[in-house]
**Student:** 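Take a look at the following structure, please.
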Amino acid sequence: MNTRQISISDYDYSLPDSRIAKFPLSQRDHSRLLVYNKGTIQSSLFCHLPDFLPEGALMVFNNTRVIQARLYFHKQTGALIEVFLLEPARPADYEQVFQTTASCTWTCMVGNLKKWKSEVLRRDFEVAGQVVTLTATRREPSGEYYKVEFQWSTPADAQKVSFADILEAAGELPIPPYLNRKTQESDKTTYQTVYSRIKGSVAAPTAGLHFTDDVLRAVDQRGIEREEVTLHVGAGTFKPVKSETIEGHAMHTEYICVKRQTIEKLIRHQASAIAVGTTSVRTLESLYYIGRKLQKNAEAAEDELCVGQWEPYDDDGLGHLSPTNALRNILQWLDRNHLNALHSFTRIIIAPGYEYKIVKMLITNFHQPRSTLLLLVSAFLKGDWRRVYDYALANDFRFLSYGDSSLLMP
């Protein structure tokens, strides 16, 4: 199969607006669960998920946390400018940028761009009882986006305020555009997974939204090991495929972090790795191609390990490399560089024609028509996605971010 020439129209289906869940259920784990097991399909509830999983498996979660990435500024003319944070530029490190106490620069989408010429935008608000003045200055373009420099100040005798404090006080949580509603206070809780810890995403890894402490305890009681990776979800996750074939679709770059112990456990659980969500899938499958890069160049620098969009489909001249050996290459690279975790980026596109290397089972929600996420599911099910989606539509499952879930075991 020539993956590049896949026609996105083959991955379309009719999704009435009434089937899109605009709000989550009051109890996360009471969402419905579609179970696909070697071609058979049945319905259950998410709270029963552990009953369907093999004992002693390894379940991998994405621990990213959604930031309040929308900032609004009013110009003196009254025009409203929306600045949507995508990824940090200076400092480029997520942890560092949230700790800055005077200025930082982000790559941003800008709403109402025509109304923002060269002037500095300004906004005053309170953080912990003290007035903060935040300014935004538009810098150089960055592809279709812009670099925006933020600076802030507090009274001389006041405590320093971090950029994390700024977003907590002045930012708005960005819920998906297809919900067609404003962010509500409840979304600050319901649009985060119960295990979210590492700030950086502008969209939630929504497969994880169904988990509760009770379900996680039941997973543990079944002898299933749990590990966490980090992939900071970018706004590109909602970007529709507009080209006729997927060759014309540019995947977004996303930051990933995987700890050494996670890679060691993946080697031990080669037959039973369960990915919670498509973001975990993209992280885990990217590891294999990072391992291939290291097979060719064991001394590669960290910035050479980013996985390109079409890398899985291009012949790198290496021939067969087992997933175990690819993962061992990463462990050896970490040892040589005295690191305990791999930090990299991925642009991988997973579509029919892709052969999964790491992930054996997948927990995921129901995705938009004509989306790269639907392509990923189709590749996992060897093309059997339509039968799953027809079943979900016929049996009143709720779709998209706040909708129901599925457990896919090809």
Side-chain angles (χ1 to χ4, degrees), residues 62-75 79-113 115-116 119-125 127 132-153 161-177 179 182-183 187-188 191-193 196-206 230-239 251-257 279 343 345-347 401:
N62 182 4
N63 62 14
T64 188
R65 186 166 181 82
V66 186
I67 61 172
Q68 295 184 186
R70 269 199 181 98
L71 289 166
Y72 294 102
F73 294 85
H74 277 101
K75 290 180 56 179
L80 181 67
I81 309 294
E82 177 191 331
V83 181
F84 190 110
L85 309 179
L86 294 177
E87 60 185 33
R90 285 189 293 273
D93 180 89
Y94 279 90
E95 191 172 344
Q96 289 178 19
V97 80
F98 291 122
Q99 292 173 358
T100 56
T101 56
S103 68
C104 60
T105 301
W106 285 69
T107 301
C108 301
M109 281 194 293
V110 179
N112 210 5
L113 178 65
K115 294 289 179 72
W116 189 10
E119 68 270 44
V120 176
L121 303 180
R122 175 188 169 116
R123 180 174 167 186
D124 294 332
F125 50 91
V127 177
V132 174
T133 299
L134 175 68
T135 63
T137 306
R138 202 177 91 193
R139 299 302 187 192
E140 70 274 16
S142 178
E144 58 188 305
Y145 308 121
Y146 279 86
K147 295 278 199 307
V148 177
E149 181 181 4
F150 298 99
Q151 295 180 306
W152 59 99
S153 59
V161 170
S162 70
F163 195 65
D165 297 329
I166 296 281
L167 293 185
E168 196 63 35
E172 179 183 278
L173 193 81
I175 59 173
L179 294 184
K182 291 187 179 300
T183 301
D187 291 309
K188 290 182 179 180
Y191 196 58
Q192 303 280 12
T193 63
S196 65
R197 293 189 300 108
I198 311 298
K199 293 179 180 178
S201 280
V202 300
T206 54
T230 303
L231 179 144
H232 289 323
V233 190
T237 193
F238 300 120
K239 188 178 179 182
M251 287 292 286
H252 45 295
T253 303
E254 291 173 315
Y255 165 87
I256 61 174
C257 175
T279 60
H343 298 267
F345 294 86
T346 185
R347 294 184 62 224
S401 294

**Student:** Quick one: salt bridge (charged side-chain N to carboxylate O under 4.0 Å, His left out) partners of Glu254, sequence neighbours excluded?
**Tutor:**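 Counting only residues at least two positions away or on another chain, Glu254 forms a salt bridge (charged side-chain N to carboxylate O under 4.0 Å, His left out) with Arg282.
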**Student:** Can you name the ring-ring contact (aromatic ring centres under 6.0 Å, His included) partners of Phe345, sequence neighbours left out?
**Tutor:**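 Expected list: Tyr255.
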**Student:** Looking at every heavy atom in both Ala136 and Phe73, which two are closest together, and how far apart are they?
**Tutor:**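 Nearest heavy atoms, Ala136 then Phe73: CB-CZ, 3.8 Å.
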**Student:** Could you go through residues 141-151 and list every donor-acceptor pair under 3.5 Å that involves a side-chain atom there, pairing it with any protein atom two or more places apart or in another chain?
**Tutor:**
unit_1: Ser142; atom_1: OG; unit_2: Lys147; atom_2: NZ; d: 3.3
unit_1: Glu149; atom_1: OE1; unit_2: Arg139; atom_2: NE; d: 3.0
unit_1: Glu149; atom_1: OE1; unit_2: Arg139; atom_2: NH2; d: 2.6

**Student:** Does any N or O in the side chain of Arg123 come within less than 3.5 Å of the main-chain N or O of Leu134, such that one atom is a donor and the other an acceptor?
**Tutor:**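 No.
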**Student:** Between Leu86 and Cys108, is a side-chain contact (heavy atoms from CB on, under 4.5 Å) present by the stated rule, with each step listed?
**Tutor:** CA-CA 5 Å; Leu86 294 177; Cys108 301; 5.6 Å; no
**Student:** Do Trp152 and Asp165 make a side-chain contact, defined as non-hydrogen atoms from C-beta onward lying under 4.5 Å apart?
**Tutor:**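 The answer is no, as the side chains (C-beta and beyond) never meet within the 4.5 Å cut-off.
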**Student:** So, Arg122 side chain and Thr133 main chain: donor-acceptor pair closer than 3.5 Å or not?
**Tutor:**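 No, the answer is negative, given that no donor and acceptor are paired below the 3.5 Å cut-off.
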**Student:** Roughly how far apart are Glu119 CD and Lys75 NZ, rounded to 0.5 Å?
**Tutor:**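 Glu119 CD to Lys75 NZ: 4.0 Å, rounded to 0.5 Å.
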**Student:** When rounded to the nearest 0.5 angstrom, what is the spacing between CD1 in Ile175 and OH in Tyr191?
**Tutor:**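 Reported to 0.5 Å precision, the distance equals 8.0 Å.
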**Student:** Answer yes or no: is there a side-chain heavy-atom contact under 4.5 Å between Val83 and Trp116?
**Tutor:**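 Yes, close enough: below the 4.5 Å cut-off.
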**Student:** Leu121 and Ile81: side-chain contact (heavy atoms from CB on, under 4.5 Å), yes or no, with the steps?
**Tutor:** CA-CA 9 Å; Leu121 303 180; Ile81 309 294; 3.9 Å; yes
**Student:** Go through the steps for Val161 and Ile166 under the test side-chain contact (heavy atoms from CB on, under 4.5 Å), then give the verdict.
**Tutor:** CA-CA 7 Å; Val161 170; Ile166 296 281; 4.0 Å; yes
**Student:** List for me each residue that meets salt bridge (charged side-chain N to carboxylate O under 4.0 Å, His left out) alongside Arg90, sequence neighbours excluded, and say none if there are none.
**Tutor:**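 Testing Arg90 for salt bridge (charged side-chain N to carboxylate O under 4.0 Å, His left out), a comparison that skips the adjacent residues, returns none.
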**Student:** Is the count of non-hydrogen atoms from other residues, nucleotides or ligands lying under 6.0 Å from Glu95 atom CD greater than 12?
**Tutor:**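 Counting other residues, nucleotides and ligands, CD of Glu95 stays at 12 neighbours or fewer.
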**Student:** How long is the gap from OG1 on Thr101 to CZ on Phe163, to the nearest 0.5 Å?
**Tutor:**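 Between Thr101 OG1 and Phe163 CZ, I get 12.5 Å after rounding to 0.5 Å.
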**Student:** With no hydrogens and no angle check, is any side-chain donor or acceptor of Tyr72 less than 3.5 Å from a backbone partner on Leu80?
**Tutor:**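 Checked: no pair found.
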**Student:** Going by side chain to side chain donor-acceptor pair (under 3.5 Å), name the residues that satisfy it together with Gln99, two or more places apart in sequence or in a different chain.
**Tutor:**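 Not a single residue meets the side chain to side chain donor-acceptor pair (under 3.5 Å) criterion with Gln99.
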**Student:** Kindly write out the residues that satisfy side chain to side chain donor-acceptor pair (under 3.5 Å) with Ser196, not counting sequence neighbours, or none if the list is empty.
**Tutor:**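 Partners of Ser196 by the side chain to side chain donor-acceptor pair (under 3.5 Å) criterion, ordered by chain and then number, come out as Arg65.
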**Student:** How long is the span from the OG1 atom in Thr230 to the CD1 atom in Ile198, to the nearest 0.5 Å?
**Tutor:**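 The distance works out to 5.0 Å.
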**Student:** I need the minimum non-hydrogen distance between Val202 and Val66, along with the two atoms involved.
**Tutor:**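 Closest approach of Val202 to Val66: C-CG1, 4.1 Å.
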**Student:** Can you tell if the side chain of His232 reaches within under 4.5 Å of the side chain of Ile67, non-hydrogen atoms only?
**Tutor:**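 No, every pair of side-chain atoms sits at 4.5 Å or beyond.
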**Student:** Any side-chain heavy atom of Pro88 within less than 4.5 Å of one from Tyr94?
**Tutor:**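 In short, these two side chains touch, coming nearer than 4.5 Å.
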**Student:** Decide yes or no for Thr193 and Pro205: does some side-chain heavy atom of the first lie under 4.5 Å from some side-chain heavy atom of the second?
**Tutor:**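 With C-beta onward as the side chain, the pair touches.
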**Student:** Quick one: closest heavy-atom pair of Pro174 and Gln68, and the distance?
**Tutor:**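 That closest heavy-atom pairing would be CD-CA, 4.4 Å.
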**Student:** Which atom pair, heavy atoms only, marks the closest approach of Ser201 to Thr64?
**Tutor:**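 Distance-wise, the nearest heavy atoms are OG-OG1, 2.7 Å.
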**Student:** Checking the side chain of Asn62 only, and the main-chain atoms of Leu231 only, is there a donor and an acceptor separated by less than 3.5 Å?
**Tutor:**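 Indeed, once roles are kept as given, a pair shorter than 3.5 Å links the two residues.
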**Student:** Supply the atom-to-atom distance Thr107 OG1 to Glu87 CD, rounded to the nearest 0.5 angstrom.
**Tutor:**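 If I round to the nearest 0.5 Å, the distance is 5.0 Å.
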**Student:** Find the distance between NZ (Lys188) and OG1 (Thr183) and round it off to the nearest 0.5 Å.
**Tutor:**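 OG1 of Thr183 is found 9.5 Å from NZ of Lys188.
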